[in-house]
Amino acid sequence: MNKYNHKKIESKWQKKWKEDKLYKTGQDKKKPKYYVLDMFPYPSGAGLHVGHPKGYIATDIFARMKTMQGYNVLHPMGWDAFGLPAENFALKNKIHPRISTDKNIATFKKQLGRLGFSYDWEREINTTDPEFYKWTQWIFLQMFERGLAYESHEPIIWCPSCKTGLAQEDLENGRCERCDSEVERKPMRQWVLRITDYAERMLNDLDKLLEWESSIKEMQRGWIGRSEGVEVQFQITNYTRQASTSKLQIDETIKVFTTRPDTLFGATYFVMAPEHPLVKKITTKEQKTEVEKYIKFAGSKSELERTELAKEKTGVFTGSYAINPVNSEEIPIWIADYVMMGYGTGAIMAVPAHDERDFEFAKKYNIPIKPVVVPYFEANGDMKEKVREDMPTKKRNVIYALVKNSKTNKFLLIKWPEYKCSTYVVGGIDEGENIINAGKREVLEETGYKNLKFIKEIGSEVHVNYYAMHKKENRYAIARCMYYELENEERDEISEEEKNKHKAVWVSEDDVDKDMTYGNIIYFWKIFKKGEEYFTGEGININSDFPDEVLGNTKTPETGAFDGSEDCYPRCGIQTCHSVNSIAHSKEYVKNSNGVEPAEGLEPSNHKMTNLYSHHAAGTSTPNLLYQENKNITKSLNGLTTKQAKEKMIEWLEERGLGKKAINYKLKDWVFSRQRYWGEPIPIIHCEKCGAVGVPEKDLPVKLPNVKEYAPSGTGESPLVNIKEWVNTICPKCGGQGKRETNTMPQWAGSSWYYLRYIDPKNNKALVDKKKEKYWSPVDFYVGGAEHATRHLIYARFWHKFLYDIGAVNYEEPFKKLRHVGLIMAEDGRKMSKRWGNVINPDDIVEKYGADAMRVYEMFMGPFSQSCAWSTNGLVGTRKFLEKIWGVKSRIKNQESRIKDDLNRLLHKTIKKVGDDIKEIKLNTAVSAMMILVNALEKEKEISNEVYEKLLLILSPFAPHIAEELWVELGNKESVFKQKWPKYNPELIKDEKIQLVVQVNGKLRDTIEVDVDIFEDDAKVKALESEKIKKWTKSKEIVKIIFVKGKLVNVVVK
RNA sequence: GCCCGAGUGGCGAAAUUGGUAUACGCGAGAGACUUAAAAUCUCUUGGUGGCGACACCGUGCCGGUUCGAGUCCGGCCUCGGGCACCA
């Protein structure tokens, strides 16, 4: 037999398939449909590298299998050919983008052709084709007519190198994604699409997309960035704050957006973005110079400085004050560039006690920090009640040991599984130091910093985990605590020596007073010092929801903070010292706010701690608010979860007309114009009399004029401005003088709807025939790079929903199942790029090893969505696999030869596995299953035609050329792709005999061959009969025997 | 900093609802064929100890649950991806 010559057979079949129109989309309306789509490529000048086709191979496999399974499959390809890179490439090489684009497309198409894809090229589309972009323009017009496309003059992001405005999404680390230059803000007339109108729907409908990867859905959620809160009105009225301050006649209301209205009581200042329109009006004479200087300074910062690099907060006082509506407090108004005009109202109320940024700012400018800590407990209402009821009695015998002088950053975590919460005990153990040994449950050993072994279990339901923090960040709130649950008698077992050794101060919850104050439990604690008798010393009340509040406390009686008297506010002293509910609970805060000295070693907590506490620890009441005017509202907020407190505050504010519920999105309206040449012209005519007028539908498409000079003008206007004969036109409304819009659309325009056009690519009456759309939509399976998760996929969903709303399409979501393809890295582990000189061209691989080998290899490399480094060595393996298949053909004997039973079973298992794996895009294991089958065939002297044919059928989607060649060589007249996908026999995929695993205490000791359906008792007997097992069970007591059907027997011995 | 995902041989990676860890492929070693090499074929290939049968250890680290954990739970570490002054 001849050798496997991929070059000969691949070009032969590619030609034949084209001639036969084998991949023309099926039209049989009785069949079910399946729409398999790739994200269409942008045809760059560099051509394809081996990474590009990975996704196309997967969809091709899918499409071929679906066709064989009897579906009408739509599997098209096209070109996303407008956009900046094409234009920049054209400029650099002095070729018109029309020409270079067409050339690139031809190259791409040729390269793709060599890989043997089953695209229906009759449906090819190209976004730069006027017959295509006619409909892109049409969609824009529909939006324009409905007010979804509007002109704006706000400053936008401007790339000085690309000489065009960009959308926020086009940035990467504050730089232009395309050319990596620093971008600036520039006021610019531009077209904007009101995508925010669809934010809520796009967010909600994510839940309906069951076959999308959850990571992509998460990204979209983050991108839309919905937050719920309230808009609160702050008054600025005319008054004189100080004699030295000039009197301003202002009567303004400024709105702020906040997600934490429950912290309103802690607002100590107010900030506006430097660009805020009211800034001028509220700046006093005295502050004018400073403010103007600052605005200039802030304006000069580039986008990069303002976000990435500007860690230091800056700002300046305006001289005016706003009135906090909840307590009528006057708070100073500052301007600072950490508040941005683009989000919310461009102004905030600043609560330094509860916001890191505000805290930083307040610290820098010496603004008071005032905490509002609303107690809450992360459990639902019922659970909370249950805790309240159970806690005091259950925890009667709790002893907390507080150990002083900690320098390490460790603490313990105590889980209370029944309450679904945890207690974090801050602190830990110093190196080389033993911790108190406390009776029988004590398992604590100090063996050095990294090898702490902790209490395995304290009590039946309490688990303790060791929690080590970064040593480098030596700045946690440190209160070295240990928690033990002991019986009364057991306490006595702790020796005096041990107690002394650790200078512990013991705090005991001897008695619990269930008196509820402001929704909290008041625990009655007795404090006593080391060396003193247990349960003596003075008792104090601690206002606390939960014992962990006390656990974190480092204040000891010795320092005098707890003097035991009711009105020294001991509870606050304790609580503020430990409750790391916010950064406010730092040394600084405690000092500033209520004069209670924090305990030694108590440092500002970092985020991690803050989060732990704010999620798990109960909060505290707020000392300086409880006794102020707003007693009632703070009182009623006490004992609520943050969420409940928030809602209550909103209610409270709404009742008084001070604010109302509001929702904000990070998603901003889509800046839709580009000041460049190579894009779809925006179909608008500007008329002095009528304003912006849409081009009538009959005049579409507005063709992009073919010009010689297409370099960007640099004035911020599109090069189209200079083409007078194109720009000057007639206003379609009044017939007067009109000028065409010269901005063009961004690259994302065409890609936002292209998938619809494949359904009906030649239609000149509508963008798609609605009946056809009903049949083919939605896209059943969509594959592309993850980099499109937040742009293309958001834009396309937005346009699709809009088209649905105007009745142009039948379904609300365009893509049913979405998978992203993992990158193929170069052999050196870097991205394939000209820059590194590590690009592998598929043409070379196809030439040397064949398209089939490459296709199979790319699928075999690893999990489909995972990125993976290319290895030409690895490719050799799949080539050998194909050669083996080629080789075993010579062993086919006459049709009558009986198939060996175990081989037949393997065949059917493989058919099942390959089918299932393709469906789940686990193509690497599908290939490996076929390899196993082929290895088995190789061992046979003769194989039957039937087995071989079925192998070719399941191989054909992966390696279409070789499969077709061998299929025809077997004497078949019709293409392998016209065959039915083989069915497996469910009877045959079950084994009759299995290797039953026999374990002793969970360790494998023997395997015995038994019937699959062996009865439990028989299996057990057989297992115990085994000599190897006897060895292990001899002179041991058999406790029990576990039997898992079809799997194993486990003998448990003692 | 926040949010996702992932850590398994020399390498790419497998492993149904917890049930024989390392399938399949690459690489490496030994052998066969050959004058020789390449190609091809056969065998070996997680670690340690042992002549050996075999034993012990082993899926990033520390614990937990279980008869049994790569898989489940808690924590940590590292790497990758996304977001990032979003109030």
Side-chain angles (χ1 to χ4, degrees), chain A residues 173-174 213-216 218-219 221-223 225 227 229 256-260 263 271 306-308 310-311 313 336-340 342-345 347-351 354-358 360-361 413 415 417 422 450-457 463-470 606-608 611 664-668 786-787 789-790 857 860-863 865-871 873-878 880-881 883 887 922 924-925 927-932 935 938 995-1007 1039-1042 1044 1046-1053:
Chain A
N173 296 327
E213 271 166 71
S214 56
S215 62
I216 293 189
E218 262 332 295
M219 273 196 220
R221 283 193 189 102
W223 197 264
S227 46
V256 302
F257 173 74
T258 175
T259 56
R260 290 291 304 276
T263 63
V271 193
R306 196 163 163 174
T307 55
E308 271 285 292
K311 277 170 191 141
K313 302 261 175 302
D337 66 1
Y338 80 91
V339 171
M340 288 167 307
Y343 186 79
T345 61
I348 62 159
M349 59 138 182
V351 187
H354 298 281
D355 182 280
E356 193 187 1
R357 294 153 298 166
D358 296 345
E360 235 173 84
F361 192 83
L413 166 71
K415 294 286 294 172
S422 329
K450 286 242 160 121
N451 302 310
L452 288 171
K453 287 204 170 158
F454 273 99
I455 295 169
K456 203 174 170 195
E457 195 184 333
H463 305 291
V464 176
N465 283 294
Y466 169 53
Y467 194 106
M469 305 299 290
H470 281 291
N606 82 344
H607 264 281
K608 210 151 205 168
N611 279 337
N664 258 286
Y665 302 94
K666 287 187 205 171
L667 182 73
K668 295 198 181 100
E787 69 272 20
T790 46
Y857 172 63
F860 182 63
M861 289 173 90
S865 298
Q866 189 180 303
S867 72
C868 192
W870 176 268
S871 154
N873 267 339
L875 175 74
V876 172
T878 56
K880 279 189 207 161
F881 161 66
E883 281 170 6
K922 286 157 74 178
N924 52 334
T925 49
V927 173
S928 113
M930 288 188 283
M931 284 175 169
I932 292 169
N935 288 347
E938 266 215 317
Q995 294 293 318
L996 188 76
V997 169
V998 186
Q999 299 177 328
V1000 177
N1001 284 351
K1003 285 202 165 153
L1004 175 75
R1005 297 301 180 195
D1006 199 7
T1007 54
V1039 182
K1040 61 176 163 178
I1041 303 175
I1042 285 158
V1044 183
K1047 285 271 197 281
L1048 58 73
V1049 171
N1050 186 12
V1051 184
V1052 186
V1053 297

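Letters A, B, ... are given to chains in the order of the sequence lines, protein chains preceding strands, and every chain is numbered from 1. Note that the coordinates shown come from a computational prediction; the quantities given were computed from them, not determined experimentally.
Across B:rG47 and B:rA23, the matching P atoms stand 13 Å from one another, rounded to whole Å. Separating the P atom of B:rC26 from that of B:rA36 is a span of 26 Å, rounded to the nearest Å. To the nearest whole angstrom, the two C1' atoms, one in B:rC77 and one in B:rG25, are 31 Å apart. With both ends at atom C1', the span from B:rG10 to B:rU16 equals 30 Å, rounded to whole Å. Distance check on atom C1': B:rU8 versus B:rG1 gives 31 Å, rounded to whole Å. For the P atom pair drawn from B:rG7 and B:rC73, the interatomic distance equals 14 Å after rounding to whole Å. Atom name C1', nucleotides B:rU71 and B:rA21: the rounded distance is 11 Å, in whole Å. Straight-line distance between the C1' atoms of B:rA69 and B:rG64: roughly 11 Å, to the nearest whole Å.
Distance CE (A:M219) to P (B:rA84): 12 Å, rounded to an integer number of Å. The separation between A:I216 atom CD1 and B:rG5 atom C1' is 12 Å, rounded to whole Å. Taking atom CG on A:L667 and atom C1' on B:rC83, their separation rounds to 14 Å, with Å as the unit. Distance, A:Y343 OH to B:rC83 P: 17 Å, rounded to whole Å. The nearest whole Å value for the distance from the CZ atom in A:F361 to the P atom in B:rC85 is 17 Å. The separation between A:L875 atom CG and B:rC11 atom C1' is 16 Å, rounded to whole Å. Between A:K922 atom NZ and B:rG12 atom P the separation is 20 Å, expressed in whole Å. Rounding to whole angstrom units, CD of residue A:E938 and C1' of B:rC43 are separated by 15 Å.
Taking the ring centre of A:Y338 as origin, the terminal cationic atom of A:K313 falls inside the region bounded by 6.0 Å and 45° from the ring axis.
The structure places OG of A:S214 at 10.5 Å from CE of A:M219, a figure rounded to the nearest 0.5 Å. Atom CE of A:M931 is separated from atom CD of A:E938 by 12.0 Å, given to the nearest 0.5 angstrom. Annotation: the span from A:R221 atom CZ to A:I216 atom CD1 amounts to 12.0 Å, rounded to 0.5 Å.
Heavy-atom nearest nucleotides on RNA chain B were determined for A:T259 and for A:Y857, and the one closer to the 5' end corresponds to A:Y857. Residue-to-nucleotide proximity on RNA chain B shows that, of A:V1051 and A:G225, the 5′-proximal contact is made by A:V1051.
When all heavy atoms of A:M340 and A:D337 are compared, the pair lying nearest together is CG-O, 4.5 Å. The two residues A:M349 and A:D358 make their nearest non-hydrogen contact at O-OD2, 4.1 Å.
Proximity of A:K1003 to the phosphate of B:rC57: a side-chain N or O atom is located under 4.0 Å from OP1 or OP2. Using a 4.0 Å cut-off, no side-chain N or O of A:Q866 falls inside it from OP1 or OP2 of B:rG5. Neither OP1 nor OP2 of B:rC2 sits under 4.0 Å from any side-chain N or O of A:R221.
Here the side chain of A:Y857 pairs a donor or acceptor atom with the backbone of A:S871 at under 3.5 angstrom. In this structure, the side chain of A:N664 does not engage the main chain of A:S227 through any donor-acceptor pair within 3.5 Å.
Classification of A:E883 and A:K880 as a salt-bridged pair fails, no side-chain N sitting under 4.0 Å from a carboxylate O.
By the side-chain hydrogen bond (donor to acceptor under 3.5 Å, both in side chains) test, A:S215 pairs with no residue at all, sequence neighbours left out.
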Under-3.5 Å N/O pairs linking protein and nucleotides 19-25 of chain B:
{"from": "B:rG19", "atom 1": "N2", "to": "A:Q999", "atom 2": "OE1", "distance (Å)": "3.1"}
{"from": "B:rG19", "atom 1": "N2", "to": "A:N1050", "atom 2": "ND2", "distance (Å)": "3.3"}
{"from": "B:rG25", "atom 1": "OP1", "to": "A:N935", "atom 2": "ND2", "distance (Å)": "3.0"}

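Helical stems involving RNA chain B, defined as 3 or more consecutive Watson-Crick or G-U pairs under 3.5 Å, span B:1-7 with B:77-83, B:10-12 with B:24-26, B:27-32 with B:40-45, B:46-49 with B:54-57, B:60-64 with B:72-76.
A donor-acceptor contact under 3.5 Å links the side chain of A:K313 to the base of B:rC85.
Of the candidates A:I1042, A:T1007, A:L1048, A:Q999 forms a side-chain contact (heavy atoms from CB on, under 4.5 Å) with just one, namely A:L1048.
For B:rG9, the glycosidic angle deviates from 0 by 90° or less, giving a syn base.
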